[in-house]
Amino acid sequence: MLSEEQRNDVLIVRVDEKRVDASRAPLFKDEMTRRIEAGHTRLVLDLSGVEFVDSSGLGAIVACLKRLGPRGDLAIAGAKGPVSRLFTLTRMDKVFRLHDTVEAAVAQMSS
Amino acid sequence: MLSEEQRNDVLIVRVDEKRVDASRAPLFKDEMTRRIEAGHTRLVLDLSGVEFVDSSGLGAIVACLKRLGPRGDLAIAGAKGPVSRLFTLTRMDKVFRLHDTVEAAVAQMSS
Amino acid sequence: MSVGMRLHIDSDFDKVALLARAVRALCAELLDAEAADAVEISLVEAVNNVIEHGYEGKPGRDVGVEVSVHPDRIVIEVVDQAAPMKSGALSEAASEIVFDETNIDSLPEGGMGLALIRMSMDEVEYCAAPGENRLRMVKRIPAPAG
Amino acid sequence: MSVGMRLHIDSDFDKVALLARAVRALCAELLDAEAADAVEISLVEAVNNVIEHGYEGKPGRDVGVEVSVHPDRIVIEVVDQAAPMKSGALSEAASEIVFDETNIDSLPEGGMGLALIRMSMDEVEYCAAPGENRLRMVKRIPAPAG
Ligand SMILES: Nc1ncnc2c1ncn2[C@@H]1O[C@H](COP(=O)(O)OP(=O)(O)O)[C@@H](O)[C@H]1O
Ligand SMILES: Nc1ncnc2c1ncn2[C@@H]1O[C@H](COP(=O)(O)OP(=O)(O)O)[C@@H](O)[C@H]1O
C-alpha cells in the first residue's frame with residue numbers, strides 16, 4: 001500500500017490506496033512503523049493519491065508521529081479536499097504541516 | 001418535464017429530466033400526445049439533457065411515432081452515450097433518425 | 001475474495017433511480033462507461049419488471065438487489081417475494097429485438113426488457129424458489145490491459 | 001415527498017467503502033462536494049463504530065443504512081442489532097476535538113468519530129430500542145441560490 005523514495009535524509013512515503021479507512025489503517029500503521037524502526041526520522045507522507053481518510057486512518061498517522069518521537073519530523077504533502085478538511089476539522093492541521101506538494105514539504109524539511 | 005420551441009413548421013421538444021424511466025414515461029407520453037393532438041406533425045425530440053432512458057421511455061417515444069401517423073415526422077437530437085446506445089441495441093436507430101444537434105435535425109427535416 | 005452489499009427499495013418506480021445510481025457508483029471504478037451503462041439498464045429493467053409484473057404495480061413490497069464485486073466480475077441479483085415469472089420466460093425472450101422497421105404500426109412499445117438484459121449482461125439466470133425469486137446477472141470485469 | 005432506500009453490509013471493515021460510495025452517489029446531485037464529504041465521513045464513522053464497538057469486531061452481523069432524500073434534507077440512519085451505545089455517549093462526545101498540540105504524546109489516536117459526526121451533520125440523534133439501535137443523521141440541502 002506504500003511506495004517510497006529517499007531524497008538525501010528525507011524519506012518520501014507515498015500512499016498507493018485511495019482510501020485509508022478502518023480496513024486499511026492497521027496495515028498502514030504497521031508499514032510506517034517498520035520504516036520508522038528502520039531508523040528513518042524525517043518523513044514526508046504523500047497523500048496526493050488518497051481520496052478519503054477516516055478517524056482511524058488519521059489516528060494511525062498520529063501514532064506514527066508519536067513513534068517518531070521528539071527528534072523525528074513528519075510532514076504531509078498533497079492532501080486533497082476531504083483529506084485536508086479532516087485535518088482541519090480535527091485541528092490536526094495545528095500538529096502536522098500540510099504542504100501542497102512533496103517538493104514543498106522536502107524543501108521545508110531540508111531548510 | 002418538457003419545454004418547447006417552434007421553428008417554422010418544426011416543433012422542438014426538449015426533455016428537461018435526466019432520466020426517462022418507468023416513473024416518468026407515462027407523463028412524457030401524455031405531454032407529447034397533447035402536442036401531437038394539438039396538430040404538430042413535425043417534431044424534433046431534444047434528448048441532450050437526458051442521461052438515461054429505459055425500455056419504457058423508449059416505448060413511449062415509439063408510441064409518439066405511431067400517434068403521429070404516416071404523415072408525421074419525429075427526429076431525435078442530442079442522444080448521448082447510454083441513450084444513443086439504447087437506440088442501437090434495440091435497433092430503433094433504424095426507425096428514428098438520430099442527429100447530434102437540434103440544428104442538424106431541423107435542417108434535415110426542413111429540406 | 002468478494003465484497004458485497006444489499007440494497008432495498010419499496011416497489012415504487014420513483015425509487016428505481018436511487019438503486020441505479022447506487023449500483024452504478026459501485027461499478028464505476030471497475031467497469032468502463034459502456035459496461036456500467038449495460039449494468040444500469042439491466043438492473044433498471046429487472047427491477048421495473050418485478051414492480052410491474054411481479055408485484056403488479058402494488059406499492060409497499062420489497063425489492064432487493066444484492067451486489068457482489070469479485071476480482072473478475074460483478075454479480076447483481078434482483079430478489080423479490082412476488083409470484084414468479086412463468087418458467088421459460090427468460091430463455092424464450094428474444095436475445096435480439098426484431099421487428100419490421102418499415103411497418104411503423106408493428107414497432108414494439110414494450111417487451112424489450114428481458115432482451116435488453118440478455119444483450120447487456122454476460123450471464124443471466126433466473127431461480128424461483130418458494131417465496132423468493134432471484135434474477136442473477138453477471139458482468140465480467142475486463143482484465144487490465146498489459 | 002421523500003424517496004428512500006436501504007443498504008446493508010455484513011460487519012466487515014472491507015465493505016464500508018461500498019456503502020460510502022453508494023451513499024455518496026445518492027448525495028451527489030443534491031449536495032456540493034464539501035457537504036457530500038461531510039455525509040461520507042459521518043456515515044463511515046458511524047458504521048465503523050457499529051462494527052468495532054457494537055459488534056465488537058465480530059463478522060457476519062448486519063449493518064443497515066437507510067437513506068431518505070427529502071426536498072430540503074438527506075436523512076441517513078445507521079441501524080444495528082448490537083448492544084446499544086451507553087446512554088449519553090453521543091451527547092457527552094465533544095462537539096469539538098480539543099488537545100494540547102504542543103504535547104505530542106497527548107494527541108488523540110482515536111475517540112474522534114462521534115465528534116466528527118456532530119461537527120459534520122446538521123442533526124444527530126441516537127435511539128436504542130429493544131433489539132435495534134438507530135443513529136439518525138440529517139444533512140440539510142441548501143435552497144438553490146436565487
Ligand atoms: N419479474 C417478473 N415477474 C413476472 N413476470 C415477468 C417478470 N419479468 C418479466 N415478466 C414477463 O415477461 C414479459 C416480458 O418482459 P420484458 O421483456 O421485460 O418486457 P415488458 O416488461 O415490457 O413486458 C413480461 O410482459 C411479463 O409477462
Ligand atoms: N455503535 C456503538 N456501540 C457501542 N459503543 C459505541 C458506539 N459508537 C461509539 N461508541 C462508544 O463511544 C466511544 C467514542 O466513539 P468515537 O468517538 O467514534 O471514537 P472511537 O470509535 O475511535 O473510540 C467509543 O470508544 C465507544 O465506547
Side-chain angles (χ1 to χ4, degrees), chain B residues 1 15 17-30 32-33 36 41 43 47 49-76 79-98, chain C residues 9-21 23-24 31-53 57 59 63 93-121:
Chain B
M1 73 175 314
V15 180
E17 301 267 343
K18 289 200 176 148
R19 302 177 74 89
V20 185
D21 62 11
S23 73
R24 289 278 165 261
L27 180 62
F28 168 80
K29 193 167 140 183
D30 287 353
M32 287 294 285
T33 304
I36 293 166
T41 56
L43 288 94
L47 297 179
V50 177
E51 288 168 4
F52 180 81
V53 177
D54 69 9
S55 71
S56 65
L58 184 66
I61 298 174
V62 171
C64 296
L65 184 69
K66 292 184 181 175
R67 191 61 168 241
L68 270 170
R71 286 163 308 111
D73 198 354
L74 175 59
I76 309 289
K80 294 190 288 198
V83 180
S84 107
R85 204 132 53 221
L86 182 70
F87 278 88
T88 320
L89 215 50
T90 56
R91 294 183 54 252
M92 288 295 171
D93 61 336
K94 307 268 181 271
V95 174
F96 294 93
R97 272 160 294 120
L98 302 184
Chain C
I9 57 165
D10 283 352
S11 50
D12 174 348
F13 287 131
D14 279 335
K15 296 178 180 167
V16 179
L18 291 180
L19 272 181
R21 258 150 62 190
V23 169
R24 204 179 162 109
L31 299 176
D32 63 22
E34 189 167 340
D37 289 343
V39 170
E40 181 171 5
I41 187 79
S42 301
L43 172 73
V44 169
E45 296 295 339
V47 172
N48 284 348
N49 277 349
V50 167
I51 298 174
E52 183 181 346
H53 305 299
V63 186
S95 60
E96 223 182 311
I97 292 167
V98 189
F99 50 76
D100 172 6
E101 64 256 29
T102 64
N103 180 358
I104 284 184
D105 287 328
S106 78
L107 297 178
E109 290 176 46
M112 298 179 278
L114 292 176
L116 275 170
I117 294 171
R118 291 188 58 188
M119 288 187 280
S120 303
M121 301 299 283

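In what follows, chains carry the letters A, B, and so on, assigned in the order in which the sequence lines appear, proteins first and then strands, with residues in each chain numbered from 1.
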> Could you go step by step and tell me if Glu40(C) and Glu51(B) meet the side chain to side chain contact (heavy atoms under 4.5 Å, CB included) rule?
Replying inline: CA-CA 11 Å; Glu40(C) 181 171 5; Glu51(B) 288 168 4; over 6 Å; no

> Given a strict heavy-atom distance threshold of 4.5 Å, which part of Ile61(B) is in contact with chain C: side chain, backbone, both, or neither?
Replying inline: neither

>> Can you tell me which portion of Asp54(B) sits under 4.5 Å from chain C's heavy atoms? Options are side chain, backbone, both or neither.
In response: both

> Near Lys29(B) NZ, under 6.0 Å, is it more than 12 heavy atoms from other residues, nucleotides or ligands?
Replying inline: no

>> Please determine whether side chain to side chain contact (heavy atoms under 4.5 Å, CB included) holds for the pair Arg19(B) and Val44(C), giving the CA-CA distance in whole Å, both sets of side-chain angles, and the decisive distance to 0.1 Å.
In response: CA-CA 11 Å; Arg19(B) 302 177 74 89; Val44(C) 169; 4.1 Å; yes

> What is the minimum heavy-atom distance between Met92(B) and Phe99(C), and which atoms define it?
Replying inline: CE-CE2, 3.8 Å

> What are the two closest heavy atoms between Glu109(C) and Ala63(B), and how far apart are they?
Replying inline: OE1-CB, 3.2 Å

> So what's closer than 4.5 Å to chain B heavy atoms on Val16(C): side chain, backbone, both or neither?
Replying inline: neither

>> If I measure from the heavy atoms of chain C, does Arg91(B) come under 4.5 Å with its side chain, its backbone, both, or neither?
In response: both

> Between Ala17(C), Gly110(C), Ala115(C), Ser120(C), which has the largest tally of heavy atom pairs under 4.5 Å with chain B?
Replying inline: Ala17(C)

>> Would you say that more than 12 heavy atoms from the other residues, nucleotides or ligands in this model lie under 6.0 Å from the CD of Glu34(C), or not?
In response: no

>> Is Glu52(C) in contact with chain B via its backbone, its side chain, both, or neither, using a 4.5 Å heavy-atom distance?
In response: neither

